[in-house]
Amino acid sequence: MCTSILYNAGDHYFGRNLDLEVSFGQEVVVTPRNYQFNFRQVPSMGHHYAIIGMALVKDNYPLYFDGANEEGLGMAGLNFDGPAHYFPLEEGKDNVSPFEFIPYILGQCENVAEARVILKKLNLVNINFSDQLQLSPLHWLIADRSGKSIVVESTVTGLHVYDNPVNVLTNNPEFPGQLTNLANYQGIAPTTPPNQLAPGVNLAVYSRGLGSHMLPGGMDSASRFVKEVFTLHHAPTGKNELENVTNYFHCLHAVEQQEGLDEVAPGKFETTIYSDGINLSTGTFYYTTYQNNQINAVQLHHADLNCQELALFPLQTEQVLHFQN
């Protein structure tokens, strides 16, 4: 389970929570412009936009969970178990495996508009990375510096591309159903509501925050979607980068999963393994982990972007305490 957002506050900040019960050894990975992407069914890409993001590197291939390119296009894959469906090879289509999808788009597209053009010919095919690494059922959020985003879902009825007016994505159900469900909560507000239950009756307001009394708070994807839409759309704009990055992580941490709350097997719990976000204008990649909630940063443009070798930055997972005496 996961949550991905685009926070628009002067600059645009894109990223996600990764919620799972196991870590894959992921790290921050910079793929330079001249690293060669060898795809299974479409031509190789020997020169492309540089990419930074969170990935598992296997056989020198970056399997990106999420990331963004140097032009400010971001993309994240989120669990979509059930509705997700991948297809056999289809003649006349660009047959791309889901594990190749993020670099295929980020490597050649500057923005969402260009991604839409590529998506018209795309067929997500059922080709595993290896026998040991099977495909995950996913759908994707794609966003750019225009402040807008789209959702891509491959289901039994085909490949669907949806405008995303709320700039939030979680998991099931299919995206149109998530949007429809929001209407059930449109009365939620940061302000205390007027008494419309019994006009004229003096009802005691026993607490602050009653405008959000009916806001869902569960670990499930539908609840997280509603809560994150509310949180994101009322998040303030900071005066500088530090304030905006802080606000961004507060948005993601509002729906993070703590150990012990979401049991997925006897004694096994899903947690927010990491939260990350990239400033799509500057290429600065930020992250926190479950064990370390200090914000760490890797700057795309400080890496050698014209080489052929991946640059790897292991996650800082040890908690940092600031003693004041």
Side-chain angles (χ1 to χ4, degrees), residues 2-7 11-18 20 23-37 39 45 48-58 60-79 96-112 114-115 118-119 129 136 138-145 149-152 167 169 245 248-249 252 273-289 295-305 307 309-315:
C2 310
T3 303
S4 182
I5 64 173
L6 173 65
Y7 167 60
D11 285 345
H12 307 282
Y13 302 83
F14 174 82
R16 59 100 60 79
N17 287 342
L18 180 76
L20 284 172
S23 177
F24 291 98
Q26 64 281 341
E27 51 195 332
V28 181
V29 178
V30 173
T31 301
R33 299 177 186 124
N34 296 315
Y35 170 92
Q36 181 157 319
F37 280 113
F39 301 117
M45 197 182 293
H48 47 76
Y49 294 125
I51 301 168
I52 186 171
M54 200 73 77
L56 164 66
V57 177
K58 187 70 174 177
N60 198 42
Y61 191 97
L63 297 165
Y64 276 106
F65 298 80
D66 51 85
N69 67 20
E70 60 184 303
E71 296 298 320
L73 181 67
M75 187 169 177
L78 284 73
N79 188 60
V96 175
S97 175
F99 77 81
E100 306 166 325
F101 190 23
I102 289 180
Y104 185 74
I105 294 295
L106 297 186
Q108 61 183 316
C109 299
E110 289 188 14
N111 50 47
V112 167
E114 290 188 3
I118 299 294
L119 291 168
F129 181 80
S136 297
L138 302 173
H139 61 173
W140 293 265
L141 184 65
I142 304 176
D144 65 18
R145 290 185 289 181
S149 64
I150 59 174
V151 172
V152 180
N167 289 330
L169 185 65
V245 170
Y248 170 86
F249 277 97
L252 279 183
I273 293 177
Y274 69 78
S275 303
D276 68 22
I278 183 171
N279 182 323
L280 295 177
S281 296
T282 67
T284 306
F285 185 88
Y286 304 94
Y287 72 89
T288 64
T289 69
I295 299 174
N296 304 273
V298 178
Q299 294 180 307
L300 173 64
H301 295 283
H302 286 188
D304 182 357
L305 301 185
C307 68
E309 301 300 321
L310 301 174
L312 311 180
F313 300 87
L315 298 191

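The residues of the chain are indexed from 1 along the displayed sequence.
- Scored by the side chain to side chain donor-acceptor pair (under 3.5 Å) test, Y248 finds no partners at all (sequence neighbours excluded).
- Using the six-membered ring where Trp is involved, F24 and F65 have ring planes that are tilted, between 30° and 60° apart.
- How far CD of E100 is from CE of M45: 10.0 Å, rounded to the nearest 0.5 Å.
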>> Would L141 and F14 count as a side chain to side chain contact (heavy atoms under 4.5 Å, CB included) here? Give the steps.
In response: CA-CA 10 Å; L141 184 65; F14 174 82; 3.7 Å; yes
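- Counting heavy atoms from C-beta outward, D276 and Y286 have side chains that stay 4.5 Å or more apart.
- What you find for R16 and G77 is that their closest heavy atoms are NH2-O, 2.7 Å.
- Checking side-chain atoms of D144 against main-chain N and O of V112 turns up a donor-acceptor pair under 3.5 Å.
- Screening D66, T289, N296, T288 against Y274 for a side-chain hydrogen bond (donor to acceptor under 3.5 Å, both in side chains) leaves a single residue, D66.
- H12 has its ring centre no less than 6.0 Å from the ring centre of Y7.
- Contact check for M54 versus L315: side-chain heavy atoms found under the 4.5 Å cut-off.
- Scanning all heavy atoms of the two residues, the minimum distance from P314 to L312 falls at CD-O, 3.8 Å.
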> What do the steps show when you test W140 against V151 for side chain to side chain contact (heavy atoms under 4.5 Å, CB included), and what is the final call?
Replying inline: CA-CA 6 Å; W140 293 265; V151 172; over 6 Å; no
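- In terms of heavy atoms, C109 sits closest to I118 at SG-CG1, 3.6 Å.
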>> Does F99 form a ring pair (Phe, Tyr, Trp, His ring centres under 6.0 Å) with F129? I'd like the steps, not just the answer.
In response: CA-CA 7 Å; F99 77 81; F129 181 80; 5.2 Å; yes
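- Considering CD1 of I52 and NE2 of H301, their distance stands at 9.0 Å, rounded to 0.5 Å.
- With a 4.5 Å cut-off on side-chain heavy atoms, Y49 and E71 count as touching.
- Minimum interatomic distance between L78 and A76 (heavy atoms only, all atoms of both residues): CD1-O, 3.7 Å.
- In terms of modelled atom types and a separation under 3.5 Å, the side chain of E70 and the main chain of A50 share a donor-acceptor contact.
- The shortest side-chain heavy-atom distance between L300 and V298 does not fall under the 4.5 Å cut-off.
- Remark: I142 CD1 to M75 CE distance equals 4.0 Å, nearest 0.5 Å.
- Q26 contributes atom CD, which lies 6.0 Å from atom CG of L18 (distance to the nearest 0.5 angstrom).
- Under 3.5 Å, the side chains of S275 and N17 contain a donor-acceptor pair of N or O atoms.
- Using a 4.5 Å heavy-atom threshold, the side chains of P103 and Y61 count as touching.
- For the pair I295/Y287, no side-chain contact is recorded, criterion being any heavy-atom separation below 4.5 Å from C-beta on.
- With values rounded to the nearest 0.5 angstrom, L169 atom CG is found 11.5 Å from I150 atom CD1.
- When every heavy atom of L280 is checked against every heavy atom of G74, the shortest pair comes out as CD2-N, 4.2 Å.
- Counted by atom type alone, Y64 and T31 present one or more donor-acceptor pairs between their side chains at under 3.5 Å.
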>> For a side chain to side chain contact (heavy atoms under 4.5 Å, CB included) check, start with the C-alpha distance between Q108 and E114, then their side-chain angles and the critical distance, and finish with the verdict.
In response: CA-CA 9 Å; Q108 61 183 316; E114 290 188 3; over 6 Å; no
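- When side chains are defined from C-beta on, F101 counts as touching V152, because their heavy atoms get closer than 4.5 Å.
- Classification of the F37-H48 ring pair by plane angle, with boundaries at 30° and 60°, yields tilted.
- Inter-residue side-chain proximity for T282 and Q299 is flagged as unmet; no heavy-atom pair is nearer than 4.5 Å.
- Donor-acceptor pairing under 3.5 Å is recorded for the side chains of S149 and N167.
- Here the closest heavy-atom approach between residue E110 and residue L73 is recorded as O-CB, 3.8 Å.
- Interatomic distance, S23 OG to I273 CD1, rounded to the nearest 0.5 Å: 5.0 Å.
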>> Apply side chain to side chain contact (heavy atoms under 4.5 Å, CB included) to residues V30 and L305 and explain how you reach the verdict.
In response: CA-CA 8 Å; V30 173; L305 301 185; 3.9 Å; yes
